[in-house]
Structure formats: C-alpha cells, structure tokens
A.B. asks: 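Okay, handing you the structure first.
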Protein chains: 2
Amino acid sequence: MVTQAQPLATKPLAKREPDPADHTTCAVMSDILNRIGDKWSVMIVGRLGHGTKRFSELKRAVEGISQRMLTLTLRNLERDGLVVRTVYPEIPPRVEYKLTPLGETLLEPINALWDWASVHGEDIARARERYDGP
Amino acid sequence: MVTQAQPLATKPLAKREPDPADHTTCAVMSDILNRIGDKWSVMIVGRLGHGTKRFSELKRAVEGISQRMLTLTLRNLERDGLVVRTVYPEIPPRVEYKLTPLGETLLEPINALWDWASVHGEDIARARERYDGP
DNA sequence: CAGGATCCAAATAGATACTG
DNA sequence: CAGTATCTATTTGGATCCTG
C-alpha cells in the first residue's frame, strides 16, 4: 500500500549473467517470459513497433487472433507499462495503441529473438524431423 | 565429445524486421516462442549455458521445477536440437545434458532478454502498481 | 468500432506413486 | 538416479452473444 518513491530510474540490479540460481532476477525473468512468452504479445509489440495502430487494425494485422485475446493481451501490455491506450470519444469509438518508451526498449531484445528465429528456424525444423523419426 | 554438428552458420532467410504480417517468419516465431516462452526452457538453457549438468543438478538448480516438467522440458529442448542428452550406462544411472552448438547460439538472444529483464523489471513492477490502483 | 460477459474445450502444470 | 505413469487442478484460448 505504500507508494514508495524509491529513487527509481535505471538503477537496476546490475548486469549479470543469466543465472537461474539468482532467485531475484530469476523471478523477474519468469515474469517477463510470462508476458512476452504468451501466444500473442510479441506479435502485437512487433506490430506496434511500426507505429500507432487501432484495435481493428491490430485485429487484421495479427493473423488468427480472436477479439477476446487481442483485448486481453493489450490490457496486460498496458498494465505492464509497455503500451498506451488512447480512447477518442467519437462515434463510432476509436481506440489507438502505441508502445511506451519502455515498450520500445523491449523491441530490441525481441528483434534479437526474431533474427534468431529467422536464422535458425529451419535448423529446428530439421532437428525435429530427425527426432521424430527417420 | 559432442562436437558432432557444426553451427550450420548463417545462411538464413535474410535479415528482416519483425513483421507479424510476414506469415512465414511469424509462424516460426510462434514456434520459437512456444519453446522458449514456456515456464522453464529459458531457465534450463540459461543454466546449461554454464556447462554440462546432470538431471539431478538441474532439478536442484532450477528452483521450483517438478520432476515431470524437467523431464518434459528437456525432451522438448532435445527434440528441437538445442540440448543433447547423454546416458552413461552405470549404476546408479547418470544422464548429462548440455547445449548443442545451436543451443549455444540461442544463449545470445536469451541473454539480451535477461539483461532487459534485470534492467526494466522494476519499471514493470511500478507500472503494475500504478495500473492496479493507488 | 471496440469491447464486456459467458461458456466450453484444450493445453499445461503439479502431486504423488512406482520402476529399472 | 533418472525417469514413467496417473490423476487432478489450473491456465489458456476460442466461439458466441451482447452493448454504448
């Protein structure tokens, strides 16, 4: 309940190797992964990396997503401070979503992953074929 | 011992921006995220980044994981060619896990994420407090 | 248009108990 | 030690209907 105003900003835990034995960072990672690891968050963040989009644009852009999941995912991203939601009180209603500065910083590691996926995706596919049987 | 596969190098699909409209890479991403996005894979890969570990070592190192989930996750990582499993026919049995060359390449984007998490974890925590109510 | 509310199916995860 | 086999609880996602 205490809205503690600790000297915030970029005074993190210090850079460190990924170390699952480090329970603090480990917990944070679990948390992050729960967000970006879900089925849609990365797609949406990636799409918003191209600029502001409204709800229906996202729905069309992110192939296969249901209305419900788009709403839920956007709410979570908003809650985590990665996305801002702006409502224009018009008729018909218009709602726009864009990345926050924090959200934009996430774009970088996500791009790294995206690159990895595009480079090694076929390696994985081959590994699976090998594993699943000759 | 296990230097069987050369890192297959970089002959990818060409570098590209994250673009959820690109259905090919998009599908690959979904796939990758399904692997590294689950609750345990990243922890395990991170831990194996420090070197070969046996089953019980991993179980102790990755806090909170159940035997079942460790087995399942390791099998998936093995299937995807990210981890090699070596059984030593001794009594009592000994099984060791280590990253493949492909698995090691994954360490890099994972580290990027880990860094991001350690830097911005508190930002997210604060954003949530703000969102959830004062 | 941008959702909220429901209901239901499927995927995931945890807790045992048992085994070579 | 390193699993497998079950059974159950929780999470998640999709489909559908409704509204300002």
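Since the model is a prediction, treat every value here as computed from it, not as a measurement. Computed from heavy atoms alone, side chains included, the values below leave out hydrogens, waters and symmetry copies.
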A.B. asks: Quick one: label A:Tyr88 by what it contacts on the DNA or RNA (base, sugar-phosphate, nothing), any heavy atom closer than 4.0 Å.
C.D. replies: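 Nothing, no heavy atom under 4.0 Å.
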A.B. asks: So if I take the C1' atoms of five pairs at each end of the helix from C:dC1-D:dG20 to C:dG20-D:dC1 and get each local axis, what angle do the two axes make, rounded to 10 degrees?
C.D. replies: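 The helix from C:dC1-D:dG20 to C:dG20-D:dC1 shows an end-to-end axis angle of 50°.
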A.B. asks: For A:Leu72 and B:Arg60, take the nucleotide of DNA chain D holding the closest heavy atom to each; which residue's nucleotide lies nearer the 5' end?
C.D. replies: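 Upstream on the strand: B:Arg60.
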A.B. asks: Mind listing the closest non-hydrogen atom pair of B:Ala61 and B:Arg47 along with its distance?
C.D. replies: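 For B:Ala61 and B:Arg47, the tightest heavy-atom pair comes out as CB-NE, 3.5 Å.
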A.B. asks: Earliest and latest nucleotide of DNA chain D, 5' to 3', sitting under 4.0 Å from a non-hydrogen atom of chain A?
C.D. replies: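 Both ends considered, the range comes out as D:dG13 to D:dG20.
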A.B. asks: For B:Lys59, enumerate each residue passing the side-chain contact (heavy atoms from CB on, under 4.5 Å) test, keeping only those at least two apart in sequence or located in another chain.
C.D. replies: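 If we apply the side-chain contact (heavy atoms from CB on, under 4.5 Å) test to B:Lys59, skipping adjacent residues, the hits are B:Gln67, B:Leu70.
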A.B. asks: Please report the distance, rounded to the nearest Å, between CG in B:Asn34 and C1' in C:dA11.
C.D. replies: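 For the pair B:Asn34 CG and C:dA11 C1', the rounded distance is 10 Å.
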A.B. asks: Who are the side-chain contact (heavy atoms from CB on, under 4.5 Å) partners of B:Arg75, not counting sequence neighbours?
C.D. replies: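 A:Tyr131, B:Thr71, B:Glu78, B:Arg85, B:Tyr97.
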A.B. asks: How close or far is atom P of C:dA2 from atom CD of A:Glu78, stated in whole angstroms?
C.D. replies: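 Answer to the nearest Å: 15 Å.
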A.B. asks: With rounding to the nearest 0.5 Å, note down the distance linking CG in B:Leu77 to CG in B:Leu48.
C.D. replies: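 So the CG of B:Leu77 and the CG of B:Leu48 are separated by 8.0 Å.
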A.B. asks: The criterion is salt bridge (Lys or Arg N to Asp or Glu O under 4.0 Å); which residues satisfy it with B:Arg94, sequence neighbours excluded?
C.D. replies: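 B:Glu90, B:Glu96.
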A.B. asks: Which residues pass the side-chain contact (heavy atoms from CB on, under 4.5 Å) test with A:Leu102, not counting sequence neighbours?
C.D. replies: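 For A:Leu102, the residues satisfying side-chain contact (heavy atoms from CB on, under 4.5 Å) (neighbours in sequence not counted) are A:Leu82, A:Thr100, A:Thr105, B:Trp116, B:His120, B:Asp123, B:Ile124.
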A.B. asks: Could you note down all residue pairs passing salt bridge (charged side-chain N to carboxylate O under 4.0 Å, His left out) where residues 104-113 of chain B supplies at least one of them, sequence neighbours left out?
C.D. replies: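 Residue pairs with at least one partner in residues 104-113 of chain B: there are none.
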A.B. asks: May I ask you to test the B:Val83-B:Ile44 pair for a side-chain heavy-atom distance under 4.5 Å?
C.D. replies: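 No. Closest side-chain heavy atoms not under 4.5 Å.
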A.B. asks: If the condition is side-chain contact (heavy atoms from CB on, under 4.5 Å), which residues does A:Thr86 pass it with, not counting sequence neighbours?
C.D. replies: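 Counting only residues at least two positions away or on another chain, A:Thr86 forms a side-chain contact (heavy atoms from CB on, under 4.5 Å) with A:Tyr88.
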A.B. asks: Summarise protein proximity over nucleotides 13-20 of chain C in one line of letters, 5' to 3': B for base, S for sugar-phosphate only, - for none, counting protein heavy atoms closer than 4.0 Å.
C.D. replies: BBB-B--B
A.B. asks: Distance-only criterion, 3.5 Å: show the donor-acceptor pairs between side-chain atoms of residues 34-41 of chain A and protein atoms not counting sequence neighbours.
C.D. replies:
{"from": "A:Asn34", "atom 1": "ND2", "to": "A:Ser30", "atom 2": "O", "distance (Å)": "3.4"}
{"from": "A:Arg35", "atom 1": "NE", "to": "A:Asp80", "atom 2": "OD2", "distance (Å)": "2.8"}
{"from": "A:Arg35", "atom 1": "NH1", "to": "A:Asp38", "atom 2": "OD2", "distance (Å)": "3.3"}
{"from": "A:Asp38", "atom 1": "OD1", "to": "A:Trp40", "atom 2": "N", "distance (Å)": "3.0"}
{"from": "A:Asp38", "atom 1": "OD1", "to": "A:Ser41", "atom 2": "N", "distance (Å)": "2.8"}
{"from": "A:Asp38", "atom 1": "OD1", "to": "A:Ser41", "atom 2": "OG", "distance (Å)": "2.9"}
{"from": "A:Asp38", "atom 1": "OD2", "to": "A:Ser41", "atom 2": "OG", "distance (Å)": "2.9"}
{"from": "A:Ser41", "atom 1": "OG", "to": "A:Arg35", "atom 2": "O", "distance (Å)": "3.1"}

